[in-house]
Structure formats: structure tokens, C-alpha cells
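For ligands, and for the atoms within them, numbers begin at 1 and follow the listed sequence. The chain is numbered in sequence order, starting from 1.
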Amino acid sequence: MTTTTASVAAIRKAIRDVPDFPKPGILFKDITPVLHDPRLLKSAITLMAQPFEVERIDVVLGIEARGFIFGSAIASYLHAGFVPVRKSGKLPWRTKTVSYALEYGEDTLQIHTDAVAEGAHVLIVDDLLATGGTAGAVLKLVEECRGHVAGLSVLVELEFLKGRERLSPCRVASVVQY
Ligand code: AMP
């Protein structure tokens, strides 16, 4: 077994399934055991960053909240800056806003207007890709800023929800797939 295969297997084993959280019918993928283990945390960051190592990445956009945890470390690994994409009303300066549909209702994400320069190469980071609604909204924000999306990097991909197809042609890299 290669070191990478062993690391992916160890990360997969550590991810904890929590049924009916935050609401009935949802099987929540709890990544906190990965964060808790120094070896797994380092592997997760390396494996999420490596697919984009040879690309030009100017800024990493982390999606609130678990995208912050990996995003900042990946930015440091790739020698890029970090930009938080936050829920409505949390960012202190001028913002661009995007709303997107949830299963029930709507959610809103914001970015500082000066966070992505025109033509900047952007990597979007989150802990998990499900339907792709959240990442799709962030793609729109980057487009509005006239940035160039190099890709999306996530630790976990729920393949059966086909988020990757929804985000096409955006490049998607994931470490563990279900
Ligand atoms: P989506 O917009 O459907 O791709 O959902 C992705 C966002 O919702 C990410 O920020 C995830 O952290 C969160 N999320 C969605 N489904 C799950 C799940 N089953 N377990 C953990 N987080 C989830």
C-alpha cells in the first residue's frame, strides 16, 4: 500500500457518521476526529493541497465554517493568501452577496469586495461537497469579482449527490468519496 493510499484509508476510518444531525434523515460526516489526530490533520491538508501544487493559486477561498479550518492551512502550503467567505452579516467591510437555494429555504454568503482581484487565480476549499449548491454560489461570487477559478478542493465528496456534475466544468478534487 502506498503512503497516500494508507493516509486516505486512515482518514476515511476516522470520519464519524452521525445519523439525524442536524435534522432527521441527514447522515452527518463528522470530520473532527481527523482534526484531532496530528498525523491525519497533516495528511488531510497535504492531500487537499497537492492536486493544485503545480498550478498558479493566488488566493484560497474558505467557506464558513469548516472550510476555514482547511483553507488557511492549504493557503499556507500553496504560498497563497486566504479569503473567508462568510454567512450574511459577519464580514465588517463592503461585501458582494450571493443567495442560493437550500432543500428548505435559502442561504446567503458574502465576500469582501476587494478580496479577489480581477484575474486572480482562486482555489475554493470546503470540508465536504454534497449537492454543490454552496460551492456553486461561491463560483458565482468569484465570477462577479472577475477572478479565475482553478478548482474546488474538499476532504469529503458525497458522490451520489452529483455535486461535481452541477459544478462542471470546475475542476473538483476530493480525498475521500462516499
Ligand atoms: P452542498 O451545498 O449541498 O454541497 O453542501 C455542502 C455544505 O454543507 C458544506 O459546507 C458541508 O459542510 C455541509 N454538509 C452538507 N451535507 C453534509 C453532511 N452529510 N455531513 C456534513 N456536512 C454536510
Open item on the list: Within ligand 1, which atoms have a heavy atom of T131 less than 4.0 Å away?
Closed with: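 Matching atoms, with element in brackets: 1 (P), 2 (O), 3 (O), 4 (O).
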
Just let me know how [X] lines up against ligand 1, side chain, backbone, both or neither, with a heavy-atom cut-off below 4.0 Å.
X: D127; answer: side chain
X: L27; answer: backbone
X: T134; answer: both

Under 4.0 Å between a Lys/Arg side-chain N and an Asp/Glu carboxylate O for [X] and [Y]?
X: E55; Y: R171; value: yes
X: R86; Y: E64; value: yes
X: D17; Y: K29; value: yes
X: R164; Y: E157; value: yes

TODO: Would you check if the side chain of S153 reaches a backbone N or O of M48 as a donor-acceptor pair within less than 3.5 Å?
DONE: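 Yes, S153 side chain to M48 backbone: donor-acceptor pair under 3.5 Å.
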
Task: Whether S72 side chain and F68 backbone form a donor-acceptor pair below 3.5 Å - done: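 No, S72 side chain to F68 backbone: no donor-acceptor pair under 3.5 Å.
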
Task: Sub-4.5 Å side-chain heavy-atom contact between S174 and V156 - done: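 Counting from C-beta outward, S174 and V156 never come under 4.5 Å.
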
Open item on the list: Regarding ligand 1, does G132 bring an N or O atom to under 3.5 Å of one of the ligand's N or O atoms?
Closed with: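 For ligand 1, there is an N or O atom that lies under 3.5 Å from one belonging to G132.
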
Open item on the list: Polar contacts were defined as any N/O atom of the residue lying under 3.5 Å from an N/O atom of the ligand; does this apply to A130 and ligand 1?
Closed with: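 There is such a contact, yes.
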
TODO: Starting from atom 20 (N) of ligand 1, find the nearest protein heavy-atom neighbour and note its residue, name and distance.
DONE: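 Ranking protein heavy atoms by distance from atom 20 (N) of ligand 1, first comes K29 N, 2.9 Å.
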
Open item on the list: Give me the nearest non-hydrogen protein atom to atom 13 (C) of ligand 1 as residue plus atom name, then the distance to 0.1 Å.
Closed with: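 So the nearest neighbour among protein heavy atoms is R66 NH2, 4.0 Å.
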
TODO: Return a yes/no value: protein heavy atom under 4.0 Å from atom 8 (O) of ligand 1?
DONE: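 It does not: no protein heavy atom is found less than 4.0 Å away from atom 8 (O) of ligand 1.
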
Task: Closest candidate by heavy atom, reference atom 23 (C) of ligand 1, pool L128, D30, L158 - done: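 The option holding the nearest heavy atom is L128.
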
Open item on the list: Does the plane of the ring in W93 sit parallel, tilted or perpendicular to the ring in H112? Use 30° and 60° as the thresholds.
Closed with: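 Ring orientation of W93 relative to H112: perpendicular.
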
Open item on the list: Just to check, does D126 reach to within less than 4.0 Å of ligand 1 when the distance is taken from its heavy atoms?
Closed with: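 For ligand 1, residue contact (heavy atoms, under 4.0 Å) with D126 is present.
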
